[in-house]
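Sequence positions, counted from 1, serve as the residue numbers for this chain. For clarity, every value in this text was computed on a predicted model and none was experimentally measured. All values below were derived from every heavy atom in this structure, side-chain atoms included, with hydrogens, water molecules and symmetry-related copies excluded.
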Amino acid sequence: MDIFPANRSSFFPFILGLFSLLTSAGCNSQPSTVTATGKVVMDSKPVSNAEVLFESLEQRGYPAIGMTDSNGTFNLNLVDGPSGVVPGKYHVSISTFKRGDPKEGIPDTPEMIPVEYNERSNLEVTVTTEKKNNFDFDIQEQKSKSQTKRRK
């Protein structure tokens with residue numbers, strides 16, 4: 001009795017596919033993470049409902065995100081993953097903007113954070129395994145440009 005398919009040429013792609021599946025099974029494991037927390041305040045007041053995004057500057061990095069509570073505190077979690085963040089260097093952006101749903105009559109939530117902390121953010125941090133990863137962001141709301149009087 002022959003246990004191989006009658007058409008042996010179709011057997012090789014089957015074995016190759018099975019081998020690929022078995023060897024890639026471990027590739028989807030979650031990376032090791034560390035706890036990362038912080039607080040966002042603006043003009044000495046806690047900022048609630050702000051999204052704090054850590055975008056990895058590493059080639060094979062993992063982004064992490066957290067939402068501030070009513071005290072302005074946040075805990076980071078990997079996007080689509082476990083609690084915590086992978087050690088490494090990160091670009092940070094903070095935003096309160098949320099897209100609404102016009103069909104449901106829900107308006108956009110306006111951005112309250114200055115663009116220097118989101119769209120044009122230059123904030124960078126390093127998450128390590130050796131120390132406590134607590135990142136506090138003290139945002140100073142930009143004052144509107146004062147109009148200066150020209151002397152004649």
Give the C-alpha distance, both sets of side-chain angles, the deciding distance and a yes or no for side-chain contact (heavy atoms from CB on, under 4.5 Å) between Met42 and Val40. CA-CA 7 Å; Met42 186 163 65; Val40 178; 6.0 Å; no
Could you measure the distance from the [atom1] atom of [X] to the [atom2] atom of [Y]? Nearest 0.5 Å is fine.
X      : Y      : atom1 : atom2 : answer
Leu53  : Phe74  : CG    : CZ    : 11.0 Å
Ile139 : Met112 : CD1   : CE    : 10.5 Å
Ser48  : Met67  : OG    : CE    : 9.0 Å
Ile65  : Phe54  : CD1   : CZ    : 11.0 Å

May I ask you to decide if [Y]'s main-chain N or O and [X]'s side chain share a donor-acceptor pair within less than 3.5 Å?
X      : Y      : answer
Asp101 : Lys103 : yes
Asp136 : Lys39  : yes
Glu111 : Ile113 : yes
Asn71  : Thr73  : no
Ser121 : Val92  : yes

Heavy atoms, side chains only, cut-off 4.5 Å: are Leu123 and Phe137 in contact? yes
Side chain to side chain, Pro31 and Leu78, heavy atoms closer than 4.5 Å: yes
Minimum heavy-atom distance between [X] and [Y], given as atom pair plus value:
X      : Y      : result
Asn77  : Ser83  : OD1-CA, 3.0 Å
Thr129 : Pro87  : CG2-CG, 3.4 Å
Glu58  : Lys89  : OE2-N, 3.0 Å
Ala50  : Thr68  : N-OG1, 2.8 Å
Val85  : Ala64  : CG2-CB, 3.6 Å
Thr35  : Asn133 : O-CB, 3.4 Å

Can you list the steps and then say if Tyr62 with Thr33 is a side-chain contact (heavy atoms from CB on, under 4.5 Å)? CA-CA 10 Å; Tyr62 296 86; Thr33 61; over 6 Å; no
Any side-chain donor near an acceptor of the partner, Glu124 and Asn122, under 3.5 Å: no
Polar contact flag, side-chain donor to acceptor under 3.5 angstrom, Ser93-Asn118: no
Test side-chain contact (heavy atoms from CB on, under 4.5 Å) on Gln140 and Asp43; report intermediate values, then the result. CA-CA 5 Å; Gln140 300 301 314; Asp43 296 330; 3.7 Å; yes
Take atom CG of Asp80 as the centre, draw a 6.0 Å sphere, and report whether it contains more than 12 heavy atoms from other residues, nucleotides or ligands. no
Please report the C-alpha distance between Asn134 and Thr37 in whole Å, then the side-chain angles of each, then the deciding distance to 0.1 Å, and finally whether the side-chain hydrogen bond (donor to acceptor under 3.5 Å, both in side chains) criterion is met. CA-CA 5 Å; Asn134 187 55; Thr37 60; 3.0 Å; yes
Only residue of Leu76, Leu57, Thr126, Val125 satisfying side-chain contact (heavy atoms from CB on, under 4.5 Å) with Tyr90 is Val125
